[in-house]
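Letters A, B, ... mirror the listed sequences (proteins, then strands); counts begin at 1. Computed from a predicted model, the values in this text were never measured in an experiment.
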Protein chains: 2
Amino acid sequence: MTSKGLSAQNISCQNCSLSQLCLPYSLDSDSLSKLDDIIERHKPLHKRDRLFSAADKLQCLFAVRSGSFKSFTINQDGEEQITGFHLPGDLIGFDAIHEQQHQTYADALETSMVCKIPYTILDDLGVQIPALRQQMMRLMSAEITADKRLHNVINNKSAEQRVATFIATLANRFGERGLSARQFRLSMTRAEIGNYLGLTVETVSRLMNRLQNDALIDIDGKFIHILDAAKLAALAQQNRDSPCKLT
Amino acid sequence: MTSKGLSAQNISCQNCSLSQLCLPYSLDSDSLSKLDDIIERHKPLHKRDRLFSAADKLQCLFAVRSGSFKSFTINQDGEEQITGFHLPGDLIGFDAIHEQQHQTYADALETSMVCKIPYTILDDLGVQIPALRQQMMRLMSAEITADKRLHNVINNKSAEQRVATFIATLANRFGERGLSARQFRLSMTRAEIGNYLGLTVETVSRLMNRLQNDALIDIDGKFIHILDAAKLAALAQQNRDSPCKLT
DNA sequence: CGCCTGGTTGATAAAATTCAAAACTTGTGG
DNA sequence: CCACAAGTTTTGAATTTTATCAACCAGGCG
């Protein structure tokens, strides 16, 4: 341990396992160290801690270092609409760039750590380091594509297909991060899944249990074990009125 | 008329009425002329003409100059899912940046003109002109925010509220472009509106007629006349389970 | 003129919501 | 470390919204 303190705070982009997903992608070591210099790393956030609120001035973008977050809006009736779940390597806050203020709230779903990236400094650094600017664009572009996919899921899939898609997508995302795509823990509640997918808690619960009865997955509370990834993927890829159903 | 040909092709960013919405926003006249130099303007596209297809290599981004477009994906059953409608000043193609290939198709909904912006040149120009890069980011950020709003609309609003939101949003967008926010022509069919909003044609038709019966709007085929913008906006802002309904 | 696309209307059906209640977890403070 | 409270998940029955199916109308274009 160095004099800087906790080992968790000594993490740098140079040795971060998430660099392939995150901003550092394709940076040379000199650029990487310039980026690393502007990033702040603080103590972990705990479940329900707020990273930022809607209407907050954009100061920083955040990269999830560990744990997970939800981002959401609150409508005039005081109800929340979850707009995304964020896993390690994800950047949070792109929607704040347009108006220079956050458009959503972001809360930790479990004990989590973030890398805090001051936006104006990042923006300046983008001038010196074209690859950094390009990676930011790529990540924003990927978020746009993901939003269109979600639109497609919600508009064209039955409740069961949506839940299957949600689990399959989450599994893939864990896989991309070097974690098991077969077994994982859901850091969000059934209600939060339903809110995101445009379904009620009851529907999510019923359909997750149906997937278990059909032996596609095994559920133990928050823990999911995917038993038949192929069938799950096939179900997830179907649309409401696909010609032929699986057996 | 100059020797260059049709006056429509002599339009430049310098004299374009849409520059406040589009890429030129906040550029000085020198930068503006650099941007203008890389932009190609061709003959108009006609209704149903395709601007690009999913999986096409990203060559250019497109700015709508006049007319309108829909962008959409086609799923494995061959059915389309419309992901956006594009009006003059809108940039199309941001979702192609991530994989360097288009993720959607884009078709003209009526006779339309576009400004074609070669992407790699634009990217290079972003190095010289920070304001241009920043505006690109702002526009991408705005698209992300708009996608989250749509997610909220589809997840939380009844069919009637969705249709009201669609019309009210379109009216605002026309207003921002210096056109009438009170009266306009829908360049998309009822089926396309339904596809976008996650509703069937029949439902869209019934509910548009309901809005007419309730004297919020007047419909004459494709033409919409907003009679009570306040009530329409109020209906659009409601959510499925808002405590009190309007009279 | 007749065909095709787009739009409307009505009757019926299905999927998911709502409401209600109970069982199970998790967290907190004594 | 236990007990209680709060939050979460599950299950069942009734309801509702919107989709589906079917038919028909209007208009534009070859």
Rounded distance [0.5 Å steps], CZ in Phe69(B) versus CG in Leu45(B)
5.0 Å

Going from CD on Gln183(A) to CG on Leu227(A), what distance comes out if it is rounded to the nearest 0.5 angstrom?
9.0 Å

Contact list for DNA chain C against residues 192-209 of chain A - heavy-atom distance below 4.0 Å
Gly198(A), Leu199(A), Thr200(A), Glu202(A), Thr203(A), Arg206(A)

So, Asn209(B) side chain and Arg206(B) main chain: donor-acceptor pair closer than 3.5 Å or not?
no

Looking at Lys231(B) and Asp214(B), is there a salt bridge between them, counting it only when a charged N and a carboxylate O are closer than 4.0 Å?
no

Rounded distance in Å - CG (Asp220(B)) to P (dG7(C))
13 Å

Have a look at the helix from dC1(C)-dG30(D) to dG30(C)-dC1(D) and give the angle its two end axes make, five pairs each, rounded to 10 degrees.
40°

Would you call Asp95(A)-Lys148(B) a salt bridge at under 4.0 Å N-O?
no

Grab the NZ-P distance between Lys157(A) and dA15(C) for me, whole Å please.
17 Å

Interatomic distance where CG belongs to Asn155(B) and P belongs to dA16(C) [whole Å]:
14 Å

When the distance from CZ of Arg210(A) to C1' of dT11(D) is rounded to whole Å, what number comes out?
14 Å

Taking CZ from Phe223(A) and P from dT25(C), how many angstroms apart are they, rounded to a whole number?
13 Å

Looking at every strand, decide which applies to Lys222(A) at a 4.0 Å heavy-atom threshold: base, sugar-phosphate, or nothing.
sugar-phosphate

Asp220(B) bridged to Arg185(B) by N-O distance under 4.0 Å:
no

Quick one: do Glu202(B) and Arg190(B) make a salt bridge, cutoff under 4.0 Å?
no

Under the salt bridge (charged side-chain N to carboxylate O under 4.0 Å, His left out) test, residues paired with Asp107(A) that sit two or more places apart:
Arg50(A)

Nearest 0.5 angstrom please: Ser187(B) OG to His86(B) NE2, how far?
11.0 Å

Given atom NZ of Lys47(A) and atom C1' of dT28(C), what is their separation to the nearest angstrom?
14 Å

Please tell me if Arg190(A) has a side-chain N or O lying less than 4.0 Å from either OP1 or OP2 of dT9(D).
yes

Arg48(A) CZ to dT26(C) C1', in whole Å, measures 10 Å

Arg185(B) CZ - dG6(C) C1' separation (whole Å)
13 Å

